[in-house]
Amino acid sequence: MLVEDALRNIAYPLLRFGAYSAHAFLLGAAVYLLLVMRPVMATVPAWEASRAAVAERLEGLVRACLLGSAICTGLTILLQAALISEIGDGEVTSESFSSVLDTTFGLFLAVRFPMLAALAILLLGRIRTWALAGVGSGQGPSKIWWAGWIGLSVGLMLTNTFSGHATVATPRWLALSNDGLHLVSGAVWFGGVILMAVLVPEAWRGRDKGDRLRVLAPSISHFSIVAIISIGVVTVTGMINSLLHVGDLSDLWDTPYGQALSIKLLLFIGILVLGAMNHFVIKQRLNKAMLKLNSPGADAAAIAAEHVAERKLFRRAIAAELVIALAIMASTGVLTNLARTA
Ligand code: HEM
């Protein structure tokens with residue numbers, strides 16, 4: 001019984017956390033490349049070495065996420081089979097696996113494997129050469145490649161929706177579509193935060209302070225728009241999710257599901273505060289610095305030196321956002337493992 005409880009209360013949330021994070025990153029990375037990294041790198045077309053380093057780092061992250069999702073999914077099926085076998089004679093047999101795969105939950109987990117294989121074929125070895133190919137020249141990888149990447153990643157995200165609480169909420173169509181939108185918008189933000197923290201410093205590695213400013217200021221400006229839209233959608237869909245899954249306001253502190261949701265909400269407030277600081281303080285100051293930098297006869301080193309504080313502030317804020325983003329995913333892993341109260 002003790003082992004069974006440990007599996008239910010610790011292993012499942014951890015595996016969900018792993019799968020959410022991996023799927024969200026895969027989707028968010030494509031959107032980030034298209035809307036932030038490619039436009040920013042197009043402003044510095046001569047930085048070939050930086051482009052290559054960024055693409056190499058991204059390839060590694062994508063590889064880790066594909067592997068991470070496959071491991072989390074395989075282990076979830078294995079655990080589920082082990083729990084089913086507990087009901088019988090305790091032995092995990094091929095029948096325990098068939099019983100898992102016969103359920104909607106098992107089916108939507110199994111469907112991930114062909115999707116992951118297709119993504120691996122599409123992305124591995126190609127991100128390195130294609131992700132930032134043709135920036136500044138108006139050319140790049142084909143639209144089909146991007147559509148395949150985004151489509152398959154959305155599909156992976158939706159396997160969470162179709163194997164979770166949304167399938168039992170009413171009205172079902174609203175719960176499923178709202179949850180799908182919640183996941184996709186959350187993924188765009190989540191992937192973006194990770195890449196702001198990892199790729200932006202990679203892009204400016206070895207460059208002088210003026211160049212760092214040239215990458216940081218437009219990255220924050222572009223990501224700010226992506227973040228405002230995605231967080232706006234996450235907020236509305238998150239509220240609808242809460243109305244669909246929480247029976248009463250007092251459940252927010254009286255029940256385990258409500259408590260997990262309350263923790264998620266507190267973490268979300270942290271995101272809003274950091275986002276506001278990025279948007280209203282750091283972005284505004286860096287935009288002013290860029291105006292000075294682009295004026296004729298500007299002393300790039302002196303302007304960059306004046307704005308070192310903003311760069312440091314950005315690094316701290318993005319590190320904090322990264323920690324909170326992972327904590328939100330972890331709290332969601334716990335949340336979706338608990339009984340909803342509606
Ligand atoms: C950037 C912030 C957020 C991210 C990344 C995020 C991510 C997620 C993810 C991955 C799921 C799992 C969906 C599934 O398995 O089908 C989820 C579900 C949920 N989220 Fe969020 N979320 C965020 C913000 C919010 C906010 C602000 C609220 C409330 C206002 C909220 C309320 C919910 C609820 C109630 C669920 C349903 C859980 C269930 O199926 O039982 N989320 N979220």
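For clarity, every value in this text was computed on a predicted model and none was experimentally measured. Just so you know, ligand 1 is whichever comes first in the structure, and atom 1 is the first atom listed for that ligand.
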TODO: For the residue pair Arg207 and Ser50, establish whether any side-chain heavy-atom pair is separated by less than 4.5 Å.
DONE: yes

Open item on the list: Does atom CD (Gln284) have a neighbourhood of more than 12 heavy atoms from anything else shown, all under 6.0 Å?
Closed with: yes

TODO: Can you label the angle between the His165 ring and the His245 ring as parallel, tilted or perpendicular, going by 30° and 60°?
DONE: tilted

- [ ] Measure the acute angle between the ring planes of Trp149 and Trp145, then classify it against the limits of 30° and 60° as parallel, tilted or perpendicular.
- [x] perpendicular

Open item on the list: So Trp47 and Val54, do their side chains get closer than 4.5 Å, heavy atoms only?
Closed with: no

So what's ligand 1 close to, N/O to N/O, under 3.5 Å?
unit_1   : atom_1 : unit_2 : atom_2 : d
ligand 1 : 15 (O) : Tyr20  : OH     : 2.6
ligand 1 : 16 (O) : Asp179 : OD1    : 3.4
ligand 1 : 16 (O) : Asp179 : OD2    : 2.4
ligand 1 : 20 (N) : His182 : NE2    : 2.9
ligand 1 : 20 (N) : Lys264 : NZ     : 2.8
ligand 1 : 22 (N) : His182 : NE2    : 2.9
ligand 1 : 22 (N) : Lys264 : NZ     : 2.8
ligand 1 : 41 (O) : His165 : ND1    : 2.4
ligand 1 : 41 (O) : Tyr257 : OH     : 2.6
ligand 1 : 42 (N) : His182 : NE2    : 2.9
ligand 1 : 42 (N) : Lys264 : NZ     : 2.9
ligand 1 : 43 (N) : His182 : NE2    : 2.9
ligand 1 : 43 (N) : Lys264 : NZ     : 2.6

Open item on the list: Can you tell me which residue among Arg285, Arg311, Lys292, Lys288 is in a salt bridge (charged side-chain N to carboxylate O under 4.0 Å, His left out) with Glu306?
Closed with: Lys292

